[in-house]
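Chain identifiers are assigned alphabetically (A, B, ...) following the order of the sequence lines, protein sequences preceding nucleic acid strands; residue numbering begins at 1 within each chain. Everything quoted here is computed from the prediction, not taken from an experiment.
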Protein chains: 2
Amino acid sequence: MTDEKVIDKRHLRSIKTREKLLEAAKEVFLEEGFHKATISQMIKKANIGYGTAYVHFEGKEDILIVLMENVMEKFYEIAEVSFLPKTKNEALEIILKQATAFLKMAETERNMMQVFEQAIGISTEISNKWKAIREKFIQRISEDIAYAQENGLARPELNQKLAARGWFFTNEMYLWEIVRNEHHDTVEEVANTITAIYTRGLYL
Amino acid sequence: MTDEKVIDKRHLRSIKTREKLLEAAKEVFLEEGFHKATISQMIKKANIGYGTAYVHFEGKEDILIVLMENVMEKFYEIAEVSFLPKTKNEALEIILKQATAFLKMAETERNMMQVFEQAIGISTEISNKWKAIREKFIQRISEDIAYAQENGLARPELNQKLAARGWFFTNEMYLWEIVRNEHHDTVEEVANTITAIYTRGLYL
DNA sequence: TATATTATTGACATCATGTCATTTTCCTTG
DNA sequence: CAAGGAAAATGACATGATGTCAATAATATA
């Protein structure tokens with residue numbers, strides 16, 4: 001199990017090479033976007049040989065997946081916050097916090113999220129990982145809505161899964177708009193409006 | 001203005017070649033997806049020479065843009081339906097119809113929409129055209145909400161633009177799920193739930 | 001020091017792209 | 001209707017990216 005702790009100079013060099021490449025790849029992805037980015041640019045920036053890239057990774061896509069894992073973990077952390085509201089106010093507060101935390105990611109990780117968005121459209125594997133994150137959120141919120149329905153806080157006639165998806169989808173689309181710098185309302189205002197509509201409805 | 005009506009045999013042949021290529025390209029895009037698709041596959045299927053493809057189009061992306069124009073026009077038609085509701089019921093009915101028509105597109109044009117989705121992630125031009133469609137919808141709905149607010153039908157404290165975006169975004173995300181065959185509720189149920197939440201709210 | 005193991009390397013084969021000089025097809029004019 | 005010209009089609013080619021692999025360098029071990 002802990003056999004891997006035997007790290008010799010060779011192994012160390014290997015790790016450093018890998019990290020140099022990852023660092024360079026990040027820059028290239030940010031500068032060029034996913035498809036214009038080439039392995040050649042990365043290895044030049046990292047000062048390593050061409051073949052070396054293929055020793056450490058399977059290709060461009062694989063490199064990006066590794067770079068993305070960091071960011072994706074943060075989403076999981078947000079999604080994993082567990083809650084079972086007892087009052088309507090509690091429910092609203094929590095739903096608002098969740099939306100805000102989610103949208104904030106767009107701002108703090110904007111650069112990598114821009115590359116991420118392209119990659120989702122191109123790589124099935126990356127797309128699947130994003131889908132998993134989405135389902136995690138929807139599952140959480142769906143459970144919360146079901147609980148709220150059982151306790152007379154939410155309208156019982158609404159399909160929880162659909163409602164949860166809708167809520168998440170709205171947040172997600174705003175996330176991408178913020179990532180693309182296409183949106184100039186603050187994260188707080190967006191989160192407030194989404195929550196207000198979902199909890200109070202648009203029409204009187 | 002009508003000079004172009006002079007169509008000789010050469011011109012006719014040119015048009016036919018172009019159409020043969022578009023037809024073949026459509027098949028290849030559907031079979032292979034946007035990036036695996038190659039010009040070579042298309043020209044073989046169309047029985048024309050390699051260079052010919054570049055006489056008619058600037059490349060893969062350009063071919064897809066032309067193929068997409070058809071589909072996109074249909075979205076514009078839906079978006080252009082104008083309405084100013086007088087009663088709350090009228091507002092709900094119209095918003096439901098709009099959502100249903102929009103989502104139905106995912107079903108009737110599923111194949112091309114699948115290619116479309118990839119293309120949006122890859123081609124800036126296609127992405128921009130889709131954004132224009134989105135803004136058209138949001139503009140329409142935003143106006144409707146503003147009107148409803150002025151006439152005491154909708155909550156006046158909500159930001160119309162944000163509400164309209166949210167509504168559209170939810171629909172759009174469902175659209176893509178349906179396109180990807182990832183969704184098994186009926187279009188009607190989805191449209192109903194979205195409308196119900198937006199108009200009546202999730203919590204009591 | 002000699003040998004084994006691990007990591008690195010760049011040259012190479014492959015494949016898609018876009019260009020362009022050439023060829024084919026059709027029209028026009030004397 | 002024959003000759004020359006214009007429009008359309010063509011495929012060979014140059015370019016650039018990818019992934020592989022046999023050779024080489026660096027380090028460990030006996």
Review point. Under the side chain to side chain contact (heavy atoms under 4.5 Å, CB included) test, which residues partner Ala148(A), sequence neighbours left out?
Key: Leu153(A), Ala154(A), Tyr203(B)
Review point. What string of B, S and - do you get for nucleotides 4-10 of chain C, 5' to 3', when a contact is any protein heavy atom under 4.0 Å?
Key: -BSSBBB
Review point. Does the side chain of Glu189(A) come under 3.5 Å of the side chain of Thr186(A) through a donor N or O and an acceptor N or O?
Key: no
Exercise for review: Could you note down all residue pairs passing salt bridge (Lys or Arg N to Asp or Glu O under 4.0 Å) where residues 55-69 of chain A supplies at least one of them, sequence neighbours left out?
Suggested key: Glu69(A)-Lys129(A)
**Study point:** Residues which pass ring pair (Phe, Tyr, Trp, His ring centres under 6.0 Å) with Phe168(B), listed by chain and number, not counting sequence neighbours
**Key:** Phe102(B), Phe137(B)
Pick out the pairs of N or O atoms, protein on one side and nucleotides 1-3 of chain C on the other, that lie under 3.5 Å.
none

Review point. Can you list the residues that meet the ring pair (Phe, Tyr, Trp, His ring centres under 6.0 Å) rule with Trp130(B), with sequence neighbours excluded?
Key: Phe75(B), Phe116(B), Trp176(B)
Check your understanding: Are the charged groups of Glu93(A) and Lys97(A) less than 4.0 angstrom apart, N to O?
Key -> yes
Exercise for review: Determine whether the side chains of Ser142(A) and Gln139(A) contain a donor N or O and an acceptor N or O closer than 3.5 Å.
Suggested key: no
Check your understanding: By ring pair (Phe, Tyr, Trp, His ring centres under 6.0 Å), which residues pair with His183(B), not counting sequence neighbours?
Key -> Tyr174(B)
Practice item. Measure from CG on Leu12(A) to C1' on dA28(D) and round the result to the nearest Å. Key: 14 Å
Exercise for review: May I have all residue pairs that pass side-chain hydrogen bond (donor to acceptor under 3.5 Å, both in side chains) and include part of residues 112-121 of chain B, sequence neighbours excluded?
Suggested key: Glu117(B)-Arg180(B)
Practice item. Can you sort out which residues in residues 19-27 of chain A have a heavy atom within less than 4.0 Å of DNA chain D? Ascending by number, please. Key: none
Exercise for review: Run the salt-bridge test on Arg110(A) and Glu107(A) with the 4.0 Å N-O cut-off and return the result as yes or no.
Suggested key: no
Practice item. Name all residues meeting the ring pair (Phe, Tyr, Trp, His ring centres under 6.0 Å) criterion together with Tyr76(B); count only those two or more places apart in sequence or in a different chain, and write none if there are none. Key: none
Practice item. Determine: side-chain N/O of Tyr54(B) to OP1/OP2 of dT19(C), distance under 4.0 Å, yes or no. Key: no
Practice item. Can you tell me the distance, in whole Å, between the CZ atom of Phe57(B) and the P atom of dA16(C)? Key: 20 Å
Point to revise | Stretch residues 33-42 of chain B: residues that reach within less than 4.0 Å of DNA chain C through a heavy atom | key: Thr38(B), Ile39(B)
Review point. How close or far is atom P of dA26(D) from atom NZ of Lys16(A), stated in whole angstroms?
Key: 16 Å
Review point. What integer distance in Å separates Glu61(A):CD from dG19(D):C1'?
Key: 14 Å
Check your understanding: Is Lys104(B) salt-bridged to Glu188(B), cutoff N-O under 4.0 Å?
Key -> yes
**Study point:** Residue pairs, two or more places apart or on separate chains, that pass salt bridge (Lys or Arg N to Asp or Glu O under 4.0 Å) and touch residues 29-44 of chain B
**Key:** Glu31(B)-Lys45(B)
